[in-house]
Amino acid sequence: MEPEPRPKSSPRRRSAPVDRLAAVRGRALLELSALAEDVAAHLRRHASPTVRVSAALLLTASLAACASGSATPTTSSDPAASDGRTSPLQGEVKGGLPSSPGRYPILDDQIYRDRKGVFEFTWLDDQRQPHTAYTSDLKFAEVAQGANTELEVPSGGGTPILHLPSDRDIKLIEDSQAAANPSSSYVQHSYPWTSSWVPFAAGMLVGNLLSPGVPGYYYPPPGNYSVGQTIRGGSVRTTPAPPQDRVIGLRSAVSGQSGGTGAGSSVTNKLGRSAGTGATGATGGTGQSGAGSATTGSGTGVTSGQAGGEGSGSAVTGRTGSSGGSSGVTSPSSGGFSSGGKAGGTSGSSSS
Amino acid sequence: MDDLSDRQLARLIRSSPVLDAQLKAYWLRVLPHLSDAERVRLLGTLRSAQRDLQGES
């Protein structure tokens with residue numbers, strides 16, 4: 001029997017070039033992000049605003065690139081995310097929540113929301129011991145500035161409520177690691193976050209069925225957010241939104257239309273050092289401004305929709321904001337994952 | 001010291017395989033304002049990355 005003919009070329013075994021490139025990139029990006037931090041620190045007081053902005057943007061982009069572990073920040077573990085198509089949740093997820101009804105303190109600087117709408121935060125028990133929890137089913141209730149952030153677990157097993165001061169922001173991240181690692185031993189770490197969201201915007205509840213302080217389901221405006229943006233407002237409902245309506249995009253590419261202030265958030269990199277500068281976003285973009293209009297839902301459980309209600313611009317990419325606001329999410333008759341949101345919704349009612 | 005000139009560093013930045021287009025743009029914008037020490041660090045990191053990638057063959 002004749003041996004099988006050998007292939008004309010037998011490629012030598014070599015290390016995967018992609019893996020090597022990723023390793024080299026990772027090391028270089030880490031060094032460059034540390035350098036970017038020093039550069040931003042000494043350029044933050046430069047006379048030219050363009051230089052100051054460039055330094056701040058360099059820092060946030062460097063940290064984001066580190067976070068994604070790649071030199072191409074739009075690449076992520078979820079391929080769908082690179083082109084903005086994040087697959088929505090298939091069902092409500094939760095874990096690590098308190099088992100007993102009551103109110104629990106929350107660590108303010110560790111409240112996160114990922115692209116799909118999963119919230120992650122750390123709550124303290126009676127002994128002030130921290131516990132990491134995650135949930136996609138969460139209501140917000142606005143409390144006064146300066147008040148404590150607390151998680152309320154209602155008796156009877158209703159939707160947990162996050163009592164959040166009106167000026168508090170939530171960090172937007174790509175994917176909740178707590179939800180990806182639903183084991184009791186998971187300990188929350190500090191995410192190198194990309195943007196932040198302030199759910200409560202002035203004027204957002206005008207004309208709505210919800211009164212200030214009454215719990216509701218809050219959602220950031222749909223869109224793709226860039227590094228360093230601060231998004232204000234969005235929509236609020238009395239029933240959970242459909243999963244596809246909860247998805248937001250997070251992109252490192254700056255749209256160039258960042259509008260608004262986008263400032264006031266410190267960036268903490270993986271080295272644990274706070275840069276103290278956020279992207280100022282003051283490039284005169286087309287972020288939304290003005291009060292906008294709040295649309296009262298008619299029997300659909302949607303109560304309002306407004307983005308950028310404070311007139312400073314919500315910096316939502318692609319929005320022209322001619323009316324100063326976008327309409328809220330109009331809900332189909334069914335919301336969330338249940339068989340249907342109740343028509344009209346009842347303020348404060350917990351959804352199934 | 002010649003390597004630390006804006007021109008040389010800009011060339012390194014543009015040709016670096018570890019930086020995407022956005023990071024390249026930002027580094028190029030702040031380049032004229034970097035201190036000597038920062039330039040040295042930038043040069044070192046970019047060259048080291050290039051060497052690591054080219055040296056594997």
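Just so it is clear: chains get the letters A, B, ... in the order the sequence lines come, proteins before strands, and each one is counted from 1.
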A side-chain contact here means heavy atoms from C-beta on lying under 4.5 Å apart; do [X] and [Y] qualify?
| X | Y | result |
| --- | --- | --- |
| A:L35 | B:W27 | yes |
| B:V30 | A:L43 | yes |
| A:L32 | B:L19 | yes |
| B:L42 | A:V39 | no |

Taking atom [atom1] of [X] and atom [atom2] of [Y], what is their separation to the nearest 0.5 Å?
| X | Y | atom1 | atom2 | value |
| --- | --- | --- | --- | --- |
| B:L46 | A:E31 | CG | CD | 9.5 Å |
| A:S54 | B:L31 | OG | CG | 12.0 Å |
| A:L57 | B:R29 | CG | CZ | 6.5 Å |

Exercise. Partners of A:H42 by side chain to side chain contact (heavy atoms under 4.5 Å, CB included), sequence neighbours excluded?
Worked result: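 If we apply the side chain to side chain contact (heavy atoms under 4.5 Å, CB included) test to A:H42, skipping adjacent residues, the hits are B:E38.
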For this session: Name all residues meeting the side chain to side chain contact (heavy atoms under 4.5 Å, CB included) criterion together with A:P88; count only those two or more places apart in sequence or in a different chain, and write none if there are none.
Result: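 Result, side chain to side chain contact (heavy atoms under 4.5 Å, CB included) vs A:P88: A:P243, A:Q244, A:V247.
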Problem set entry | Closest non-hydrogen atom pair between B:T45 and A:A28, with its separation | CG2-O, 3.8 Å
For this session: Would you check if the side chain of A:R27 reaches a backbone N or O of B:A49 as a donor-acceptor pair within less than 3.5 Å?
Result: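 No; zero donor-acceptor contacts below 3.5 Å.
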